[in-house]
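Basis for what follows: all heavy atoms, side chains included, without hydrogens, waters or symmetry-related copies.
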Amino acid sequence: MALWDRFKESAQSMQTQLNAKKNDLKSGAFRDASMAICALVAAADGSVDPAERQRVATLIGSNEVLQNFPALDLQRRFDDYLNKLTADFDFGKVAILQEIAKAKKKPTEARAVIQIGIVIGGADGTFDKSEQAVVREACFAVGLNPAEFDL
């Protein structure tokens with residue numbers, strides 16, 4: 001099986017796992033960490049073009065697990081995190097990883113945040129090295145082994 005086919009299968013499996021835990025994923029820490037990782041993955045290459053921003057926003061709006069939260073609230077949080085990254089990527093990344101780390105207290109939420117990062121990262125058909133690297137850093141922030149997610 002080709003690498004991309006294995007990745008697509010893995011991303012679909014992760015989304016299925018997320019959907020199964022939807023009722024456990026309603027905390028503010030999960031909401032904030034999810035939007036933080038979405039912004040981090042979107043800006044992983046150091047820039048966010050309008051098309052990429054729109055694509056991620058559409059994915060956020062259509063993700064069944066994230067429908068636990070008001071769409072406008074998610075959009076505002078996503079935009080705030082992206083603004084931090086575009087203002088100063090390195091400083092913004094530190095602040096965002098701290099936000100993601102708040103999900104560490106609940107292993108189900110921590111794992112779900114990483115899975116959302118992977119699903120968002122692969123949504124355009126590629127999960128490039130810069131996206132993998134920021135999701136790997138997020139794994140460390142929430143105390144999970146990146147190897148668990150083939151990172």
Side-chain angles (χ1 to χ4, degrees), residues 1-48 52-53 55-69 71 73-75 77-82 84-85 89-151:
M1 181 182 298
L3 180 63
W4 172 242
D5 290 335
R6 280 199 334 260
F7 175 76
K8 277 191 346 192
E9 201 172 271
S10 176
Q12 289 169 343
S13 171
M14 285 183 192
Q15 187 60 54
T16 300
Q17 291 171 24
L18 284 168
N19 292 347
K21 296 187 183 311
K22 179 180 179 180
N23 292 331
D24 299 332
L25 302 171
K26 294 183 176 181
S27 77
F30 171 73
R31 174 202 60 214
D32 295 350
S34 295
M35 290 305 93
I37 201 163
C38 287
L40 191 57
V41 169
D45 63 1
S47 68
V48 183
E52 185 173 25
R53 185 182 205 125
R55 182 178 44 77
V56 174
T58 300
L59 285 166
I60 290 168
S62 65
N63 187 292
E64 188 176 327
V65 174
L66 295 175
Q67 289 176 5
N68 283 333
F69 309 101
D73 186 32
L74 294 176
Q75 179 182 355
R77 291 171 194 281
F78 174 70
D79 288 342
D80 288 349
Y81 292 130
L82 268 185
K84 284 181 184 179
L85 289 165
F89 184 79
D90 293 327
F91 186 72
K93 185 167 92 167
V94 169
I96 285 172
L97 286 171
Q98 289 174 337
E99 195 63 51
I100 291 169
K102 292 177 183 176
K104 184 178 188 174
K105 296 173 190 160
K106 295 183 181 176
T108 298
E109 291 183 1
R111 197 164 270 101
V113 167
I114 300 304
Q115 290 172 324
I116 285 173
I118 293 168
V119 168
I120 294 293
D124 63 354
T126 61
F127 189 40
D128 66 40
K129 296 288 183 198
S130 60
E131 291 167 336
Q132 291 176 31
V134 296
V135 174
R136 192 175 307 111
E137 287 182 74
C139 285
F140 292 123
V142 296
L144 294 173
N145 184 343
E148 180 181 337
F149 304 94
D150 294 326
L151 295 171

Which atom names give the shortest non-hydrogen contact between [X] and [Y], and what distance separates them?
{"X": "Leu85", "Y": "Gly92", "result": "CD2-C, 3.8 Å"}
{"X": "Phe89", "Y": "Ala43", "result": "CE1-O, 3.1 Å"}
{"X": "Ala44", "Y": "Val134", "result": "CB-CG2, 3.8 Å"}
{"X": "Gln132", "Y": "Phe127", "result": "NE2-O, 2.6 Å"}
{"X": "Asp128", "Y": "Ser130", "result": "OD1-OG, 2.8 Å"}
{"X": "Ala101", "Y": "Ala141", "result": "CB-O, 3.4 Å"}

pair [X]-[Y]: side-chain heavy atoms closer than 4.5 Å:
{"X": "Arg31", "Y": "Asp73", "answer": "yes"}
{"X": "Met35", "Y": "Gln75", "answer": "no"}
{"X": "Val135", "Y": "Phe149", "answer": "no"}
{"X": "Leu151", "Y": "Cys139", "answer": "yes"}

Candidate pair Leu82 and Val56, rule side chain to side chain contact (heavy atoms under 4.5 Å, CB included), full reasoning = CA-CA 11 Å; Leu82 268 185; Val56 174; over 6 Å; no

As an exercise, state the distance from [atom1] of [X] to [atom2] of [Y], rounded to the nearest 0.5 Å.
{"X": "Lys84", "Y": "Phe91", "atom1": "NZ", "atom2": "CZ", "result": "8.5 Å"}
{"X": "Tyr81", "Y": "Ser34", "atom1": "OH", "atom2": "OG", "result": "9.5 Å"}
{"X": "Leu25", "Y": "Glu64", "atom1": "CG", "atom2": "CD", "result": "11.5 Å"}
{"X": "Ile118", "Y": "Ile116", "atom1": "CD1", "atom2": "CD1", "result": "11.0 Å"}
{"X": "Ile100", "Y": "Ile37", "atom1": "CD1", "atom2": "CD1", "result": "4.5 Å"}
{"X": "Thr108", "Y": "Phe30", "atom1": "OG1", "atom2": "CZ", "result": "10.5 Å"}

Any donor-acceptor pair under 3.5 Å from Asn63 side chain to Ile60 backbone =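 Pair absent, no side-chain N/O of Asn63 close to backbone of Ile60.
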
Before accepting this row, confirm whether a basic side-chain N of the pair Asp32/Arg77 lies closer than 4.0 Å to the acidic partner's carboxylate O.
->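 Salt bridge flag = yes for Arg77 with Asp32.
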
Side-chain ion pair, Glu109 and Lys104, N-O less than 4.0 Å =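 The answer is no: the pair does not qualify as a salt bridge.
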
With sequence neighbours excluded, what pairs up with Thr58 under the side-chain contact (heavy atoms from CB on, under 4.5 Å) test?
->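 Partners of Thr58 by the side-chain contact (heavy atoms from CB on, under 4.5 Å) criterion, ordered by chain and then number, come out as Gln54.
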
